[in-house]
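Please read the structure below before turning to the comments.
When a ligand or atom number is given, it counts from 1 through the structure's own listing order. Positions are given from 1 along the sequence.
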Amino acid sequence: MSWQAVGIFDSGVGGLTVLREIVRVIPQEDTIYFGDTARVPYGTKSPETVTRYAHEITSFLVRRDIKLLVVACNTASAVALPSLKRSFPIPVVGVIEPGARRAVEVSKSGRIGVIGTAGTIRSSAYTRAIKRLNPEAEVLTKACPLFVPLAEEGWVDNQVARLTAVNYLQELKDAGVDTLVLGCTHYPLLKPLIAEIMGAGVVLVDSAAETALTVAGILGQKNLLRPVAEIGNQHYYVSDIPAGFIRVGNRFLGGRLGDVYQVNLDEDGEGN
Ligand code: DGL
């Protein structure tokens, strides 16, 4: 057993969809969430830059004595996971592998669609993870960058969202995928619309939900889970003023966000 917290980070507010699932699956755990609101979005940035940001944030969280790190951001998971695993002495869980595993499990035809940010799709991380599990799988990918601002704006079922979604998704639908991986933190908010456009025959895989189950499994295996009777606390840090994070975050979490603290990563850890 370990009383240390689970660390989670994202480029901003989107990773709260992953946090929500973690709290649902292992409510006894304390969590420390870091949203890099000063530098969001990651989806448009180079792998080198995103990897540098990921290392800075992980150092911050490790200084807060976490027992496991969840890289909730798909873009950061896609480009920075191996180097984080090499550099830090705690278990590091990304969202790509759990989502890929679930997609391979549920796909009957082996034709799997993946949607994500430009950075995630460019990295081919989902395609590699899926093909490692099923070399026969056919993976069709599509970057859907406008889904991020739409989700943050709360435009998840109006005309603009619908037109955008049809534009992005029609080719995957026409290609006959039977499974679609929602490979971005923000996309679970658009799930009802995406499901409607893709049709009843297509299973949507939510990487956030699969990641939470993976985290619970690893903590269980390593005997690091807190007793189930406990009720965990959620702590939040951001790198820009918290107002926007609180406003959008309450929508992402359903109004349960606690205190949010702003930190300067350049100054944190100085003198330690
Ligand atoms: N969190 C990012 C992801 O899951 C989406 C937002 C961004 O581009 O930073 O890829």
For ligand 1, indicate whether the residue Thr117 contacts it via side chain, backbone, both or neither (heavy-atom separation under 4.0 Å).
side chain
Among Gly14, Gly15, Ser207, Cys184, which one has a heavy atom closest to atom 5 (C) of ligand 1?
Cys184
Distance filter under 4.0 Å to Ser11 heavy atoms, resulting ligand 1 atoms
1 (N), 2 (C), 6 (C), 7 (C), 9 (O)
Quick one, Arg64 with Asp268, criterion salt bridge (Lys or Arg N to Asp or Glu O under 4.0 Å). Give me CA distance, side-chain angles, the key distance, then yes/no.
CA-CA 11 Å; Arg64 266 137 203 89; Asp268 187 81; 2.7 Å; yes
Test your reading of the structure: does Asn74 have an N or O sitting under 3.5 Å from an N or O of ligand 1?
yes
When you look for heavy atoms under 4.0 Å from ligand 1, do you find them on the side chain of Val95, its backbone, both, or neither?
neither
Single-linkage hydrophobic cluster Tyr236~Val71, side-chain heavy atoms < 4.5 angstrom
no
One finds that the ligand 1 atoms under 4.0 Å from a non-hydrogen atom of Val40 are 9 (O)
Between ligand 1 and Gly43, is the shortest N or O to N or O distance under 3.5 Å?
yes
Just by distance, no angles: are the side chains of Ser83 and Thr51 close enough, under 3.5 Å, to form a donor-acceptor pair?
no
Would you mind listing which atoms of ligand 1 come within a distance below 4.0 Å of any non-hydrogen atom of Tyr42?
7 (C), 8 (O), 9 (O)
Under 3.5 Å between any N/O of Thr75 and any N/O of ligand 1: does that happen in this structure?
yes
Would a single hydrophobic cluster contain both Val23 and Val215, if residues Ile, Leu, Val, Met, Phe, Trp and Tyr are joined by side-chain heavy-atom contacts under 4.5 Å?
yes
Taking atom types as modelled and ignoring hydrogens, do the side chains of Thr127 and Ser124 form a donor-acceptor contact shorter than 3.5 angstrom?
no
Would you give the length of the straight line joining atom OG of Ser239 to atom CD of Gln262, rounded to the nearest 0.5 angstrom?
7.5 Å
For ligand 1, which atoms have a heavy atom of Asp10 less than 4.0 angstrom away?
1 (N)
For Tyr42 and Asp36, does a side-chain donor sit closer than 3.5 Å to a side-chain acceptor?
yes
